Amino acid sequence: MSSAKTSGDQCRSYQDDRNAKSQDTVYTTGNGAPMPHAYEVQRAGESGPLLVQDFHLIDLIAHFDRERIPERVVHAKGSGAHGVYRTTKALDDLCLADMFQEGKECPITVRFSTVGGESGSHDCARDPRGFSVKFKTDEGNWDIVANNTPVFFLRDPAKFPHFIHTQKRNPSTHLTHADDSTVFWDYLSQNPESVHQVMILMGDRGIPDGYRFMHGYFGHTVKLINKKGEWVYCQFHMKSKQGTKFLTQEEAGEKGPDYSQKDLYGAIERGDYPKWSLEVQTMSAKQAEELWEQEKINVFDMTHVWPHAKFPLREVGELTLNENAVNYFAEIEQVAFNPSHIVPGIEASADPVLQSRLFSYADAHRHRVGVNYQQLPVNRPRPNYRMANFQRDGSMAFFNQGSRPNYISSIEPIHFRERTVDLNKLHSQFTSDAVAFLSEIREEDFNAPRALWEKVFDDKAKERFIKNISGHMENCTKQEIIKRQIGIFREVSEDLATRLENATGIKGYDGIRGLTFSGTHNGMAKDSSLRNANGMKGFVVSHSDSNGAPIKAKHSSANGVNGSSNGVTAH
């Protein structure tokens with residue numbers, strides 16, 4: 001028998017793959033095509049939406065969505081309840097959505113969760129909390145898929161699966177970062193734009209006292225459109241009317257594993273219904289351009305917040321949770337939230353992480369729950385008209401639309417609602433060249449974290465913060481990672497870095513100007529050879545002054561960019 005492989009054997013063996021080291025491999029897509037960088041995405045211009053032709057991103061996200069069966073890949077451990085939303089102050093000057101008329105009510109289902117842990121993990125882990133709301137409006141379901149922090153760890157969508165992997169069990173030791181935090185800090189030390197979220201996570205807000213005592217932030221920028229066709233950028237906030245409380249690391253260790261579930265369920269059972277106000281920040285297209293020009297804050301960047309002094313919150317409505325689930329699996333485990341579940345009057349922006357989530361969430365639900373997940377009672381819309389579409393068959397097709405034609409028929413014509421949103425005016429400004437885009441770390445990325453340390457944290461909060469981080473770093477096996485992370489913190493505050501050096505006994509780097517990162521371009525590098533992420537060279541690398549933000553005149557073809565947005569003002 002010939003030793004040469006037959007055509008059916010032309011692939012590397014399982015043992016070869018199992019024993020290979022990272023240093024022996026080349027980064028590729030699922031079909032083996034080499035990729036110059038794991039974090040780049042294709043966009044329609046530096047501040048435009050993502051391109052579906054970017055197979056690398058779609059391949060990455062689609063595989064990631066299917067990595068765990070059957071629990072959620074992220075947000076696996078959670079609690080939830082039902083209730084009601086009521087608009088208390090009309091928003092119809094900015095948004096044509098029917099639900100934002102004063103006095104309008106609709107049922108809601110809310111699910112809270114931790115992010116990284118498994119379905120049996122501890123409720124009081126130091127972790128961001130998910131805060132998702134399904135509004136069952138008269139015009140279909142609208143979902144807010146939010147967290148309890150106003151920022152996130154990343155702003156480049158292809159980073160998400162990689163980041164979440166660092167929050168899961170080590171593939172070799174099967175340990176979480178409670179016992180081995182090396183990969184946790186390795187990722188963060190290579191992606192310094194995460195520092196704002198890290199400071200929140202490791203500060204007092206890192207462990208909220210149950211789900212009732214925390215705020216919710218969508219974090220993404222969307223567009224609101226009114227009946228005149230005018231639009232503004234918007235961010236949604238849900239502010240706890242119970243106030244906020246937190247647990248220290250020591251207090252969290254004394255709580256039961258289902259502490260937050262017990263607290264929420266018990267409060268509703270005894271009639272102590274938790275409430276949140278729904279509030280918005282808005283700005284015109286012109287203001288968004290000016291915000292970048294003047295303060296270098298990118299409205300499409302999840303690591304930045306909009307200044308409240310310039311863009312104050314405007315209260316719109318109130319959410320009340322007044323009904324516990326009768327069957328947790330049917331009503332909470334199977335509930336499926338999706339940021340692409342929107343109603344007329346709300347549209348996506350070019351926020352790249354949001355754009356990625358618009359695909360990712362529905363894809364994950366079809367895998368985890370089934371292709372007809374929206375037909376389950378907890379997910380089924382309740383509009384004031386009879387629904388019809390041409391999605392037929394598949395598993396769990398409870399409503400399969402009878403004998404009606406499964407195409408647009410002239411024999412039995414279907415009704416169409418008149419258009420209420422001119423998508424051409426809303427989105428046409430994104431005509432542009434396709435680019436391979438990866439953000440870079442810049443001076444302005446440290447402004448908000450510095451304000452958090454210097455103006456928000458009091459002395460006791462700073463002590464707890466240093467204790468939390470240094471304690472977590474005790475399980476990091478590589479000093480180089482800690483040195484890099486301290487260098488990142490030094491760009492936030494010399495005081496912070498010095499305290500952390502004293503607590504860990506490790507001298508960190510003087511800052512990041514002498515470092516190169518695997519995850520982001522270093523716009524602060526003192527030497528051009530250090531600027532490109534991961535040592536990228538040649539034409540694949542592009543740097544821009546805008547870092548993906550809408551720059552001056554970017555919205556020139558958009559309705560309402562000049563002056564006060566054709567009469568629409570930011571409240």
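The first residue of the sequence shown is numbered 1, and numbering continues consecutively from there. Everything numeric here is computed off the predicted structure, so don't read it as measured data. Every heavy atom of this structure was used, including side-chain atoms; hydrogens, water molecules and symmetry mates were not.
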Polar side-chain atom of Q355 near backbone of S349 as donor-acceptor pair, under 3.5 Å: yes

Over 12 foreign heavy atoms within 6.0 Å of CZ, R419: no

Ion pair E118/R169, N-O distance below 4.0 Å: yes

Any donor-acceptor N/O pair, T87 side chain to M99 backbone, under 3.5 Å: yes

R380 to F399, cation-pi by 6.0 Å centre distance and 45° axis angle: yes

Test item: Y259 and C124 side chains (from C-beta on) under 4.5 Å apart, heavy atoms: yes

Residues K77, D123: salt bridge by 4.0 Å N-O rule: yes

Inter-residue atom distance F390.CZ - R404.CZ, 0.5 Å rounding: 9.5 Å

Centroid separation F160 to F64 less than 6.0 Å: yes

For Y187, side chain to side chain contact (heavy atoms under 4.5 Å, CB included) partners two or more places apart: Y39, L154, K159, F163, T166, N191

D351 and V353, any side-chain heavy atoms less than 4.5 Å apart: yes

Atom pair CG (L91) and NZ (K104), whose distance is rounded to the nearest 0.5 Å: 15.0 Å

Heavy-atom check, side chain of V110 versus side chain of I108, under 4.5 Å: yes

SB check D65 R366 (cutoff 4.0 Å): no

Donor-acceptor under 3.5 Å (R205 side chain, T149 main chain): no

Main-chain N/O of E230 paired to N226 side chain as donor or acceptor, under 3.5 Å: yes

Check: S240 main-chain N/O paired with H215 side-chain donor or acceptor under 3.5 Å: yes

Distance-only donor-acceptor check, side chains Y27 and H56, under 3.5 Å: yes

Side chain to side chain contact (heavy atoms under 4.5 Å, CB included) evaluation trace for V369 with M396: CA-CA 10 Å; V369 182; M396 300 188 301; 4.2 Å; yes

Shortest non-hydrogen separation from P161 to A158 and the atoms involved: CD-O, 3.6 Å

Atom of P128, atom of Q197 and distance for their closest heavy-atom approach: CG-NE2, 4.0 Å

Side chains of K89 and E279 in contact at under 4.5 Å (non-hydrogen atoms): no

Shortest non-hydrogen contact between S79 and S260, atoms and distance: OG-C, 4.4 Å

Any side-chain heavy-atom pair of N147 and F152 under 4.5 Å: yes

Between N141 and N379: side-chain donor-acceptor atoms closer than 3.5 Å: no

Worked check of side chain to side chain contact (heavy atoms under 4.5 Å, CB included) between F153 and L201: CA-CA 10 Å; F153 295 93; L201 176 65; 3.8 Å; yes

Heavy-atom side-chain proximity of S439 to R155 below 4.5 angstrom: yes

Beyond-backbone contact of T137 with Y85, side-chain heavy atoms, under 4.5 angstrom: no

Residues that N298 engages under side chain to side chain donor-acceptor pair (under 3.5 Å), provided they are two or more places apart: none

R86/E105 salt bridge by N-O under 4.0 Å criterion: yes

Pairing of D138 and R382 as salt bridge, 4.0 angstrom limit: yes

Greater than 12 external heavy atoms within 6.0 Å of K239's NZ: yes

Whether W142 and F135 hold their rings parallel, tilted or perpendicular, with breakpoints at 30° and 60°: parallel

Check: F112 ring centre within less than 6.0 Å of W276 ring centre: yes

Short side-chain to backbone donor-acceptor contact, T114 and G117, under 3.5 Å: no

K227 vs D93, salt bridge (Lys or Arg N to Asp or Glu O under 4.0 Å): CA-CA, chis, key distance, verdict: CA-CA 8 Å; K227 292 180 179 179; D93 59 318; over 6 Å; no

Can you give the donor-acceptor pairs under 3.5 Å from side chains of residues 171-178 to other protein atoms, not counting sequence neighbours?
{"unit_1": "T173", "atom_1": "OG1", "unit_2": "L175", "atom_2": "N", "d": "3.2"}
{"unit_1": "T176", "atom_1": "OG1", "unit_2": "A178", "atom_2": "N", "d": "3.3"}
{"unit_1": "H177", "atom_1": "ND1", "unit_2": "H472", "atom_2": "NE2", "d": "2.9"}

Between CG on residue D156 and CD on residue E193, distance to nearest 0.5 Å: 6.0 Å

More than 12 heavy atoms of other groups within 6.0 Å of Q375 CD: yes

Nearest-0.5 Å distance, CG of residue L321 to NE2 of residue H82: 10.0 Å

Any donor-acceptor N/O pair, D92 side chain to C95 backbone, under 3.5 Å: no

Salt-bridge present (K255, D263; N to O < 4.0 Å): no

Between E102 and T88: side-chain donor-acceptor atoms closer than 3.5 Å: no

Exam field: side chain N322 to backbone Y273, donor-acceptor pair closer than 3.5 Å: no

S277 and E315 side chains, donor-acceptor separation under 3.5 Å: no

Shortest non-hydrogen separation from G116 to K168 and the atoms involved: O-NZ, 2.9 Å

Short side-chain to backbone donor-acceptor contact, E347 and V222, under 3.5 Å: no

Electrostatic pair R111:E331 at N-O distance under 4.0 angstrom: no

Over all atoms of both residues, closest heavy-atom pair of Q235 and H220: CG-O, 3.4 Å

Ring-ring centroid check F300 Y233, cutoff 6.0 Å: yes

Backbone of R392 reached by a side-chain donor or acceptor of N400 within 3.5 Å: no

Closest non-hydrogen atom pair between D98 and Q101, with its separation: OD1-NE2, 2.9 Å

Heavy-atom side-chain contact between K134 and H341 under 4.5 Å: yes

CZ on F218 to CG on D143, rounded to 0.5 Å: 9.5 Å

Residue pair E318, L278: steps toward the side chain to side chain contact (heavy atoms under 4.5 Å, CB included) verdict: CA-CA 6 Å; E318 182 178 84; L278 179 66; over 6 Å; no

Straight-line distance of D209 CG to L247 CG, nearest 0.5 Å: 4.5 Å

CA sep, side-chain torsions, deciding dist, call: N389, Q401, side-chain hydrogen bond (donor to acceptor under 3.5 Å, both in side chains): CA-CA 8 Å; N389 54 46; Q401 303 179 57; 2.9 Å; yes

